[in-house]
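Here is the naming used below: chain letters follow the sequence lines, and residue numbers restart at 1 for every chain. All values derive from a computational prediction rather than experimental measurement.
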There are 2 protein chains.
Amino acid sequence: MGRPAGYELSEVVSAARDVFWDRGLDGTSLPDLERATGLSRSSIYHAFGSKRGLFDAAVRDYLDTVVRPRLAVLVDEPVAPDAVRSYLRGLTQAVETLPDDSPRRGCLLFACATSAGHDPALADVIEDYRAELTGSFAVALSARYPAASLARLARRARQLTSMTVAGLVLAKINRDEAVATLRAGLEQINEWDQDD
Amino acid sequence: MGRPAGYELSEVVSAARDVFWDRGLDGTSLPDLERATGLSRSSIYHAFGSKRGLFDAAVRDYLDTVVRPRLAVLVDEPVAPDAVRSYLRGLTQAVETLPDDSPRRGCLLFACATSAGHDPALADVIEDYRAELTGSFAVALSARYPAASLARLARRARQLTSMTVAGLVLAKINRDEAVATLRAGLEQINEWDQDD
DNA sequence: GGGGTTCTAGACCGAATGATCTAGTAATTT
DNA sequence: AAATTACTAGATCATTCGGTCTAGAACCCC
């Protein structure tokens, strides 16, 4: 053993996570990360090896502390029939109430979608997230519409995924429209209810 | 008068447009643009003033030669009842058939959404595009569902916008899923048809 | 063909990029 | 307290960034 770190690793990662969330992978510079974490380059490279290493840690943290807790309502047994609605309401409220200058608007991973076009590893991470989102919707939808066919559930899961993706992308462009988009997801569910 | 330019301006702009389309605004470097256009920095700056100037020209070209021709079917009188379906079919086919290494997958403007978080002028451009897309959907939907209320048309226009946005964002991540998403838009229309 | 104008290649600029290195500090263990 | 180990500030690295500049080449008009 030697000298212990002068920082809390989880705090460093979550500070970095917010910067990446705001500016994407390419848009974030080392000085940005130094400023946000309070660490110098030395410590960052000592602890994470590279900018990408810190990004990977930030993504893991994003999935663990932001994404999964939100998805939990969709998949944790017992899944309530209203789970889908709860999820969308929660997401809507987050987009709606976050301050204008908050970095936590939109989605860290979709913010990197463009870079993913030339970074297969990154594309995989984003695709895994997309698949998990769609899968979680499918689970929750089957709790609400137990009689629906698998094909119909898959189709509806994809529709809700679309509205989530669009809502999170638009959150960086036009908050009101992002909120309206997510609300349209809720209204869509109302329509489905009338069919079943 | 003096020496005439040794290039066709429209060719330069469209070459640059494809690079921005592929890599976004921040992800595109001057050397990238020199390579794609065949012009040296001097000529680029002489003709466009700045990287941003060239980007603006590329966006204008994108809207004129890519977006508007596609949207035409949605808004040009007389609007066919099947216009919405035609639009989605065309877009689906483009995403489906473009070679893997084509820069023309996804959307130039949504590829810049992350940068737009700190660039209000860029955010405006993207929002205008989003609004035009939603508006065009609304026009075409009212041709298909003349009896539907304005509120319902607006809601459906937003849903189709979501699927388009998601499809174009996912195009950089997972082509099959992007195609499936756009197809889900078509299936959605089938469902609406049964209601009306 | 000469004068005037415009275009363009390539060198150059300062600033910023991600990354490394050195030196020294600070804590733990014995 | 000494020895050992681990952390970190700051200078430094080569590279790349967007942008400028100079010099000369190419063309139009007279």
Side-chain angles (χ1 to χ4, degrees), chain A residues 1-59 108 111-112 114-119 121-122, chain B residues 1-59 108 111-112 114-119 121-122:
Chain A
M1 281 290 118
R3 171 181 174 186
Y7 53 84
E8 196 64 41
L9 202 103
S10 64
E11 287 172 12
V12 167
V13 172
S14 88
R17 182 242 293 145
D18 282 359
V19 184
F20 287 122
W21 198 340
D22 187 36
R23 321 181 82 93
L25 173 54
D26 295 337
T28 299
S29 70
L30 262 305
D32 288 338
L33 294 168
E34 292 179 304
R35 213 172 304 126
T37 63
L39 264 54
S40 71
R41 272 167 161 63
S42 322
S43 305
I44 292 176
Y45 276 85
H46 183 79
F48 303 98
S50 66
K51 179 188 174 183
R52 186 57 174 266
L54 176 50
F55 176 76
D56 292 340
V59 168
L108 192 165
C112 303
T114 302
S115 320
H118 295 271
D119 184 335
L122 181 53
Chain B
M1 283 291 115
R3 174 182 172 185
Y7 53 85
E8 195 65 41
L9 201 102
S10 64
E11 288 173 13
V12 167
V13 172
S14 89
R17 182 242 293 145
D18 281 358
V19 185
F20 287 122
W21 197 339
D22 187 35
R23 320 181 81 93
L25 172 55
D26 294 337
T28 300
S29 70
L30 263 304
D32 288 337
L33 294 168
E34 291 178 306
R35 212 171 306 126
T37 62
L39 264 56
S40 71
R41 271 165 163 59
S42 320
S43 305
I44 292 176
Y45 277 84
H46 184 77
F48 302 98
S50 67
K51 179 187 174 185
R52 185 59 174 265
L54 176 50
F55 176 76
D56 292 341
V59 168
L108 192 163
C112 302
T114 301
S115 320
H118 295 271
D119 185 334
L122 181 53

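- The nearest whole Å value for the distance from the CZ atom in A:Arg35 to the P atom in C:dG18 is 12 Å.
- Counting any heavy atom pair closer than 4.0 Å across all strands shown, A:Tyr7 reaches sugar-phosphate atoms only and no base atom.
- Comparing C:dA19, C:dC21, C:dG10 against the side chain of A:Ser42 picks out C:dC21 as the nearest.
- Nucleotide C:dG18 holds its C1' atom 12 Å from the CG atom of A:Leu25, rounded to whole Å.
- C:dT8 atom P lies 10 Å from atom CG of B:Leu9, rounded to whole Å.
- One interatomic measurement links the two molecules: CZ of B:Phe55 to C1' of D:dG18, which rounds to 16 Å at whole-angstrom precision.
- Nearest nucleotide to the side chain of B:Tyr45, out of D:dG18, C:dT8, C:dT17: D:dG18.
- Here the C1' atom of nucleotide D:dG18 and the CZ atom of B:Phe20 are 12 Å apart, to the nearest Å.
- For B:Pro31, the side-chain atoms get nearest to D:dG18 when compared with the rest of C:dA9, D:dT8, D:dG18.
- The shortest distance between side-chain heavy atoms of B:Thr28 and B:Trp21 does not fall below 4.5 Å.
- Protein atom CD of B:Glu34 is 9 Å distant from nucleotide atom P of C:dA9, rounded to whole Å.
- With hydrogens and angles ignored, a donor-acceptor pair under 3.5 angstrom links the side chain of A:Arg41 to the base of C:dG18.
- Rounded to whole angstrom, the span from the CG atom of B:Leu30 across to the P atom of D:dG19 amounts to 7 Å.
- For A:Ser29 against C:dA16, a side-chain-to-base donor-acceptor contact under 3.5 Å is absent.
- Proximity of a side-chain donor or acceptor of B:Asp32 to a complementary backbone N or O of B:Ser29 within less than 3.5 Å is detected.
- The shortest non-hydrogen separation linking B:Ala57 to B:Val13 is O-CG1, 3.5 Å.
- Taking the side chain as every heavy atom from C-beta outward, B:Asp26 and A:Asp26 never approach each other to under 4.5 Å.
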Does A:Leu25 form a side-chain contact (heavy atoms from CB on, under 4.5 Å) with A:Lys51? I'd like the steps, not just the answer.
CA-CA 9 Å; A:Leu25 173 54; A:Lys51 179 188 174 183; 4.2 Å; yes
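- Along DNA chain C, the nucleotide closest to A:Asp26 and the one closest to B:Leu39 are compared, and the more 5′ of them pairs with B:Leu39.
- Between A:Phe48 atom CZ and C:dT20 atom P there is a gap of 16 Å when expressed in whole angstrom units.
- At least one side-chain nitrogen or oxygen of A:His46 sits closer than 4.0 Å to the OP1 or OP2 atom of D:dC7.
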